[in-house]
There are 2 protein chains.
Amino acid sequence: MKRNSQLSGVLHILLHMAEHDGPVTSELLARAMTTNPVVVRRIMAGLREQGYVRSEKGHGGGWSLACDLQKVTLRDIHEALGGPPLLAIGNRTEAPGCLVEQAVNAALDTAFRDAEALLLERLGEVTLAALSADFHKRFAARGGARELEKAHAG
Amino acid sequence: MKRNSQLSGVLHILLHMAEHDGPVTSELLARAMTTNPVVVRRIMAGLREQGYVRSEKGHGGGWSLACDLQKVTLRDIHEALGGPPLLAIGNRTEAPGCLVEQAVNAALDTAFRDAEALLLERLGEVTLAALSADFHKRFAARGGARELEKAHAG
DNA sequence: GTTTCATGTAACATTACATGTTACGAATCT
DNA sequence: AGATTCGTAACATGTAATGTTACATGAAAC
């Protein structure tokens with residue numbers, strides 16, 4: 001089962017935008033993530049609707065942040081992405097007629113809900129500002145001389 | 001993202017076996033789960049290797065339980081299935097060169113690990129015996145007159 | 001105004017993976 | 001021997017994520 005990495009990808013994009021003055025093009029963001037500009041636009045669509053980012057067309061256009069990083073949590077971003085399922089495992093059937101399956105589902109569901117709730121809680125505790133600060137700490141520790149965009153090389 | 005339901009399926013199978021005297025054929029189990037006998041054999045392979053179930057070939061053969069339901073937890077079963085990932089979301093890249101991504105991964109990883117640990121803990125608290133007891137409770141409540149195999153109809 | 005740049009989006013292609021199916025060999029019972 | 005049942009490999013199918021192409025729309029530069 002392949003893991004969904006949209007959240008990870010979007011956060012990556014947002015932090016890059018935070019380090020950048022003025023709009024950033026989908027093209028540039030896509031290169032930073034080794035993917036396609038269209039993919040970037042696609043996953044950013046939800047964020048735009050929620051007002052977390054803005055996009056501008058034409059010359060000098062691109063994406064820019066439109067929110068206070070202190071106020072937005074990873075959970076907010078997750079929800080802006082449509083709140084995809086967090087757990088990789090689930091029940092074979094919802095509302096099964098089989099009593100055996102009902103018992104199985106009941107047992108698993110509690111465990112699933114608890115884990116999901118914990119995860120959401122944790123995501124709600126981390127702001128984009130905290131993430132950005134962590135990045136800056138790493139950047140300073142590693143030798144901030146290099147240009148930001150180059151940091152992708154490794 | 002489609003959820004993996006092997007654990008759910010296997011538990012279903014195990015509880016059915018618990019209600020059945022003597023070996024149960026893959027064919028019968030498959031019918032109960034609206035799937036294919038080969039699929040049943042496939043997902044049972046791990047359990048057999050761990051000694052939780054036995055299989056016998058030929059006439060009168062099939063699957064039977066080979067463990068103490070009191071001693072086996074849902075976590076054990078999950079691990080016997082190869083311990084597939086529990087979380088549906090993950091990082092875009094492990095060990096990225098990009099510092100931005102490192103910061104993102106670090107933040108997400110803690111949340112992920114905590115949630116996964118909680119889920120495993122919960123699964124470790126539920127024994128197959130507890131599951132079976134829950135089923136019997138439901139069965140009695142609903143009117144145990146009907147035959148077990150028929151319980152699938154709904 | 002026309003050219004260039006950039007997003008917006010639909011449609012299509014590709015990949016990855018879980019699940020389903022077929023086929024046949026090996027073991028066991030009648 | 002014949003029927004049954006598992007074991008397993010090989011192949012087929014369904015579906016979701018991701019990548020790509022194509023073209024329309026809007027905005028700036030010239």
Side-chain angles (χ1 to χ4, degrees), chain A residues 1-10 12-13 17 20 22-49 52-66 81-93, chain B residues 1-10 12-13 17 20 22-49 52-66 81-93:
Chain A
M1 168 143 297
K2 198 177 184 182
R3 282 172 154 110
N4 181 334
S5 58
Q6 284 209 13
L7 180 59
S8 171
V10 167
H12 191 168
I13 285 178
M17 285 166 57
H20 208 278
V24 195
T25 65
S26 307
E27 220 276 319
L28 186 63
L29 292 171
R31 235 181 301 153
M33 305 185 52
T34 9
T35 181
N36 196 290
V38 179
V39 175
V40 172
R41 297 192 193 112
R42 200 144 61 194
I43 62 185
M44 296 292 277
L47 298 206
R48 186 183 45 223
E49 278 159 30
Y52 296 132
V53 298
R54 248 172 346 121
S55 65
E56 284 161 312
K57 293 180 174 176
H59 241 115
W63 300 89
S64 37
L65 290 169
L81 292 174
L86 294 170
L87 298 183
I89 64 180
N91 293 324
R92 257 174 26 89
T93 32
Chain B
M1 167 141 298
K2 201 176 181 181
R3 283 171 152 110
N4 181 334
S5 58
Q6 284 209 12
L7 179 59
S8 171
V10 166
H12 191 167
I13 285 178
M17 284 166 59
H20 207 280
V24 194
T25 65
S26 308
E27 220 274 320
L28 185 63
L29 293 171
R31 235 179 302 153
M33 305 185 49
T34 9
T35 182
N36 197 290
V38 179
V39 174
V40 172
R41 295 191 194 113
R42 200 143 63 192
I43 61 185
M44 297 291 279
L47 299 205
R48 186 183 45 222
E49 277 159 29
Y52 296 131
V53 297
R54 250 173 342 123
S55 66
E56 284 160 314
K57 292 179 175 176
H59 241 119
W63 300 90
S64 38
L65 290 168
L81 293 175
L86 294 171
L87 298 184
I89 66 181
N91 294 324
R92 257 172 28 87
T93 31

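Note that the structure is predicted; figures quoted are calculated from it, not measured. Each chain gets a letter, A, B and so on, in the order the sequences are listed, and its residues count up from 1.
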**Item:** Full working for side chain to side chain contact (heavy atoms under 4.5 Å, CB included) between A:Trp63 and A:Arg48
**Value:** CA-CA 9 Å; A:Trp63 300 89; A:Arg48 186 183 45 223; 3.5 Å; yes
For nucleotides 28-30 of chain C, which of its nitrogen or oxygen atoms have a protein nitrogen or oxygen under 3.5 Å away, and what is each distance?
none

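Remark: P of C:dA6 and CZ of A:Arg31 are 10 Å apart, rounded to the nearest angstrom. The CG atom of B:Asn4 sits 17 Å away from the P atom of D:dT15 (whole-angstrom rounding). What separates CG of B:Leu28 from C1' of D:dT5 is a distance of 13 Å, to the nearest Å. Rounded to a whole Å, the CZ atom of A:Arg48 is 8 Å from the C1' atom of C:dT7. For the pair B:Met33 CE and C:dT19 C1', the computed distance is 12 Å after rounding to whole Å. We find that CD of A:Glu27 is positioned 17 Å from P of C:dT4, with the value rounded to whole Å. The separation between B:Asn36 atom CG and D:dG14 atom P is 15 Å, rounded to whole Å. In this structure, A:Ile43 places its CD1 atom 12 Å from C1' of D:dG19, rounding to the nearest Å.
Taking OG of B:Ser55 as the start and CZ of B:Arg41 as the end, the distance is 9.5 Å to the nearest 0.5 Å. Atom CE in A:Met44 sits 5.5 Å away from atom CD1 in A:Ile13 (nearest 0.5 Å). Atom CE of A:Met33 sits about 12.0 Å away from atom CG of A:Leu28, to the nearest 0.5 Å. B:Leu7 contributes atom CG, which lies 5.5 Å from atom CD1 of A:Ile89 (distance to the nearest 0.5 angstrom).
Closest approach to the B:Val38 side chain among C:dT22, C:dG20, D:dG19 is made by C:dT22 (side chain taken as heavy atoms from C-beta onward). For A:Ser26, the listed nucleotide lying nearest its side chain is C:dT7; candidates were C:dT7, C:dG8, C:dT19. Here the side chain of B:Arg41 is nearest to one of D:dT18, C:dT9, D:dG7, namely D:dG7.
Residue whose closest nucleotide on DNA chain D sits further toward the 5' end, between B:Trp63 and A:Thr35: B:Trp63. With DNA chain C read from its 5' end, the first of the two nearest nucleotides for A:Pro37 and B:Val39 is the one closest to A:Pro37.
Using a 4.5 Å heavy-atom cutoff, the side chains of B:Val10 and B:Leu47 are in contact.
OP1 or OP2 of C:dG8 lies within a sub-4.0 Å distance of a side-chain N or O belonging to A:Ser55.
A:Ala88 and B:Pro85 get closest at one heavy-atom pair: CB-O, 3.4 Å.
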